[in-house]
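Positions are given from 1 along the sequence. These numbers come from the heavy atoms of this one structure, side chains and all, not from hydrogens, waters or symmetry mates.
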Amino acid sequence: MNQQLAGYAPTPVTARMENHGRTMLKVAMATGQDLYARTGSMVAYEGFIQYEPNPPAVRQIASQWITGEGAPIMKCSGDGLLYLADYGADVVVINLDNDSLSVNGTNVLAFDGHLTWGVERVKGLAKFAGQGLWNVCISGTGWVAITSRGTPIVVDCGRGEDETYVDPDALVAWSPNLKVKGKRSFKASSLIGRGSGEAYQMAFAGQGIVVVQPSEDSTDRLRVRN
């Protein structure tokens, strides 16, 4: 039996964060290298690792997460290996190099504690009603792990002058330097029984990337409310 399961054994540590399969994140923990992670995402760990749910620093920064879409955050510290997952969602590991990323709160899985982060209003969408106006902006040099409901596509917005349009319910993350604006449209899914009425698309322009998942978020974050 052990031989049959050998292919699923932990692999040697090669980086601070790395995938173990598509849907699990492995983090090499060490003293002084704290981690922020989605509360409840721990599935296993080795060694001595402590958890502090909703620490004071997080409460202060995340006080604006009032839309209901924000993910609670816990602080992880200690030595060992930590395994995280989010209900079978794909995990995407990103190594920021003096860079920044704006991530939908529901798609944040984990990030290095020394990175600069905050909850920010999505620029260019102030006139929109409903949820989805707040994102988590993470910047600096370090590791970030985000989730996607299925294998995501990363769109390079700097290859031409045309804007890139994204259904906000499928949006995962984007480069904060991109210009963002909304476009009113008739949502095609209303024709097949998934709702009705107008919705907004998000238009991105400039140099940067947009990460899109193949499954729409059921919260339908930017649908027009009456």
(request) Using atom types as modelled and distance alone, determine if a side-chain donor or acceptor of R38 lies under 3.5 Å from a backbone N or O of T106. (result) yes

(message) Can a donor-acceptor pair be found, under 3.5 Å and without considering hydrogens, that links the side chain of D34 to the backbone of S77?
(response) no

(message) Tell me whether M24 shares a hydrophobic cluster with V108, the cluster being built from Ile, Leu, Val, Met, Phe, Trp, Tyr side chains joined at under 4.5 Å.
(response) no

(message) Quick check: do I138 and W117 have side-chain heavy atoms less than 4.5 Å from each other?
(response) yes

(message) Looking at every heavy atom in both V210 and C157, which two are closest together, and how far apart are they?
(response) CG2-SG, 3.5 Å

(message) Taking the side chain as everything from C-beta on, heavy atoms only, tell me whether N135 gets closer than 4.5 Å to L171.
(response) no

(request) Mind telling me whether F111 and Y36 have parallel, tilted or perpendicular rings, with 30° and 60° as the class edges? (result) tilted

(message) Please report the interatomic distance NE2(H114) to CG(L35), rounded to the nearest 0.5 Å.
(response) 10.5 Å

(request) Provide the closest heavy-atom pair for A85 versus T23 in the form atom of the first, atom of the second, distance. (result) CB-O, 3.5 Å

(request) Work out which heavy atom in S100 is nearest to a heavy atom in S139; give both atom names and the distance. (result) CB-CB, 3.5 Å

Mind listing the side-chain donor-acceptor pairs of residues 87-99 below 3.5 Å, one per line with the distance, residues two or more places apart or on another chain?
from : atom 1 : to  : atom 2 : distance (Å)
D90  : OD1    : R22 : NH1    : 2.8
D90  : OD2    : R22 : NH1    : 2.6

(message) Ignoring hydrogens, what is the shortest heavy-atom contact between A9 and H20? Give both atom names and the distance.
(response) O-CE1, 3.5 Å

(message) Between L25 and L81, is there shared hydrophobic-cluster membership here, with clusters defined by ILVMFWY side-chain heavy atoms closer than 4.5 Å?
(response) no

(message) Give me the atom names and distance for the closest heavy-atom approach of P168 to M202.
(response) CB-SD, 3.7 Å

(request) Compare all side-chain heavy atoms of F48 with those of M29 and state whether any distance is below 4.5 angstrom. (result) no

(request) Check whether any side-chain heavy atom of M42 sits under 4.5 Å from a side-chain heavy atom of L84, and report yes or no. (result) yes

(request) Kindly work out whether a path of hydrophobic side-chain contacts (I/L/V/M/F/W/Y, heavy atoms less than 4.5 Å apart) joins W143 to V13. (result) no

(message) Is there a side-chain contact between Y45 and C76 in this structure, where contact means two heavy atoms from C-beta onward sitting under 4.5 Å apart?
(response) no

Give every donor-acceptor pair under 3.5 Å between a side-chain atom in residues 172-180 and any protein atom, sequence neighbours left out.
from : atom 1 : to   : atom 2 : distance (Å)
S175 : OG     : I209 : N      : 3.0
N177 : ND2    : Q207 : O      : 2.5

(message) Rounded to the nearest 0.5 Å, what separates atom CD1 in I49 from atom CG in D79?
(response) 8.0 Å

(message) Any side-chain to backbone donor/acceptor pair from K26 onto T11? Under 3.5 Å, distance only.
(response) yes

(request) Quick one: do Q213 and N107 satisfy side-chain contact (heavy atoms from CB on, under 4.5 Å)? Show the steps, please. (result) CA-CA 10 Å; Q213 63 186 4; N107 296 97; 3.6 Å; yes

(message) Tell me if a side-chain donor or acceptor on R16 pairs with a main-chain N or O of Q33 at a distance below 3.5 Å.
(response) yes

(request) Taking the side chain as every heavy atom from C-beta outward, state whether S41 and M74 have any atom pair closer than 4.5 Å. (result) yes

(request) Evaluate the side-chain proximity of L109 to I146: yes if any heavy-atom separation is below 4.5 Å, no if none is. (result) no

(message) Checking the side chain of D167 only, and the main-chain atoms of D169 only, is there a donor and an acceptor separated by less than 3.5 Å?
(response) yes

(request) Answer with yes or no whether the hydrophobic clustering places L115 together with V211; edges join I, L, V, M, F, W, Y residues whose side-chain heavy atoms lie under 4.5 Å apart. (result) yes

